[in-house]
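Okay, structure first, notes after.
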Amino acid sequence: MRTYDYDFFVMGAGSGGTRAARVAAGHGARVGVAEDTYLGGTCVNVGCVPKKLLTYGAHFAEDFEDAAGYGWTVGDCHHSWARMVANKNIEIERLNGVYEQLIKSAGADIHWGRACLIDRHTVDVGGRRFTAEKILIAVGGWPFVPDFPGSEHAITSNDAFYLPELPKRVLIVGGGYIAVEFAGIFHGLGAKVIQLYRGALFLRGFDDDVRTFLAQEMIKKGIDLRFDAEVQSVTRKDNGTFLVDITNTGTIETDLVMYATGRKPNTADLGHDAAGVALDAHGAVVVDGDWRTNVDNIYAVGDVTNRIQLTPVAIQEGHALADALFHPSGKTVSYDYVPSAVFSNPEIGTVGYTEAEARARYDGVDIYRSTYRPMKYTMSGRDARGLMKLVVARDTQRVVGLHVVGPAAGEMTQGFAVAIKMGATKQDFDATIGIHPTAAEELVTMRTPVPNPEQRARS
Ligand code: NDP
């Protein structure tokens, strides 16, 4: 029998890799982990965590304004970008330490350096070689910037978290999660923001009412949304600002060009060829339903597989894989009804099917929809509204989609996601007593379906 240095070697100490390493070590496996950048991966360092902290930071601007309606006199407010970033960095370092402790206390070894596959049982980490019976690829993804004249001037979300100062004018390109979230952050902190999207309406894949509603609310706040527009070139002026040539718009001048045009799997120098691991056309590691690659002792979880790019999904995958390999329990990961939130301003919470997806999937669909003025704004006078929407399969009356735009949409959606995952029907929602006064009670008190699109068009 061949002996290996490790039972399990994990490439990448992000969300999925760390969980897999800890759980495997907890089951008694000898585990090595390689990481070349930072413990905690994208989420902890340049993703969910710092993004949420900056979102909190940006929100104070509205909170100070709203306070006036409640009798507060708030003096001159000043924001220090540098102080916020420094404090954010302290928190991230604390979390890096927590991750280190979690891995080490589970009994796994951390090896610093870039991990590269040498063959199906050997990994090189900065010149040191380790053999392992089983290997997990959990190296995540990296922001992608398309090629265009001047693309070298564009920053990505990775850089945005470490800017030395807040730019006065920001151009954000892209129409996904990251683009709308950073539009809200920069705008809230006082920058003049233009967000550019190549299609007719951003957030492709989200419910159409949500997309339209968010666009309206962002415009009301003063964010300049430009759809059906693309950057042709970026030129840097001597004074450090940028001239951006945009289709349908002409040239604009800005202090920062940020691209949020998606993320690509981090497989460029993975050594997949040497080990015989297959990638798809987008460079993602191809896995089966058990996260196994075409090489039967090599597995992959999380963003490197380019499936659902969400931290909690990667964590569940890592956990389930480690269980399956070292302490089989039969548990697996369900990819149905995965909830998510977009921390735009206002926030989006969503779980299940959009109206369009449900209409394509079910014979009949009932839609319940309501817009509301968040109670907090009645006294503050803020001109902002929220949206609640339920998508119900008519024959079973199962609630198959829930979409919220407004304050705390993510918090709300997490709770409702349990009910929806369990198969709650509209009658279950109706039978649930609302909590008054909350915004969420609207989701259990909507009684009359809105007309279907044809009826809406006729009326
Ligand atoms: P997304 O894939 O969500 O969006 C990418 C955007 O860029 C789309 O609007 C896309 O347009 C556009 N785009 C792609 N290529 C080009 C191009 N060549 N030129 C112009 N525009 C282009 O990526 P993000 O970077 O926003 O986020 C990556 C992933 O990270 C998300 O999918 C999400 O899973 C995850 N994430 C989750 C968060 C959360 O849970 N709150 C927060 C942040 C990220 P089109 O639609 O036309 O293709």
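Just follow the structure's listing: the first ligand is 1, and inside any ligand the first atom is 1.
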- Item | Per-atom contacts, ligand 1 versus R263 - under 4.0 Å to a heavy atom | 28 (C)
- Message: Using a 3.5 Å distance criterion without hydrogens, assess whether the side chain of T18 forms a donor-acceptor pair with backbone atoms of A13.
- Response: yes
- Query: For G262 and ligand 1, does the shortest N/O to N/O distance drop below 3.5 Å?
  - Reply: yes
- What residue and heavy atom of the protein are closest to atom 1 (P) of ligand 1, and at what distance? G176 CA, 4.1 Å
- Message: Does ligand 1 come near enough to A179 that some N or O of the ligand is less than 3.5 Å from an N or O of the residue?
- Response: no
- Item | Ligand-residue contact atoms, ligand 1 with K51, heavy atoms, under 4.0 Å | 41 (N), 42 (C)
Identify all side-chain donor-acceptor contacts of residues 143-152 below 3.5 Å with residues at least two apart in sequence or on another chain.
| residue | atom | partner | partner atom | Å |
| --- | --- | --- | --- | --- |
| S151 | OG | F148 | O | 3.3 |

- Note on the structure: Residues D255 and F242: closest non-hydrogen pair is O-CE1, 3.5 Å
- Just need the protein heavy atom nearest to atom 38 (C) of ligand 1, so name the residue and atom and give the distance. Y177 CD2, 3.2 Å
- Query: Between Y56 and F343, is a ring pair (Phe, Tyr, Trp, His ring centres under 6.0 Å) present by the stated rule, with each step listed?
  - Reply: CA-CA 10 Å; Y56 282 133; F343 295 98; 8.5 Å; no
- Message: Please classify the L310 to ligand 1 contact at 4.0 Å (heavy-atom distances, strictly less than): side chain, backbone, both or neither.
- Response: side chain
- Task: Would you please say whether a donor-acceptor pair under 3.5 Å links the side chains of E317 and Y335?
- Result: yes
- Message: Using a 4.0 Å heavy-atom cut-off, which part of A341 comes near ligand 1: side chain, backbone, both, or neither?
- Response: backbone
N/O donor to acceptor pairs below 3.5 angstrom from side-chain atoms of residues 407-418, sequence neighbours left out:
| residue | atom | partner | partner atom | Å |
| --- | --- | --- | --- | --- |
| T413 | OG1 | A409 | O | 2.7 |

- Short N/O distance, under 3.5 Å, between I178 and ligand 1? yes
- Note on the structure: Among R198, E230, E181, Q309, closest by heavy atom to atom 13 (N) of ligand 1 is R198
- Task: State whether the side chain of N45 and the backbone N or O of L39 hold a donor-acceptor pair below 3.5 Å, judged by distance alone.
- Result: yes
- Nearest non-hydrogen protein atom to atom 21 (N) of ligand 1, with distance, is T261 CG2, 3.4 Å
- Query: Identify the closest protein heavy atom to atom 9 (O) of ligand 1: which residue and atom is it, and at what distance?
  - Reply: G175 N, 2.9 Å
- Item | Side-chain donor/acceptor of T305 to backbone N/O of A300, under 3.5 Å | no
- N or O pair under 3.5 Å between Y197 and ligand 1: yes
- Heavy atom under 4.0 Å from ligand 1: found in A260's side chain, backbone, both, or neither? backbone
- Message: I need the minimum non-hydrogen distance between I348 and V210, along with the two atoms involved.
- Response: CD1-CG1, 3.7 Å
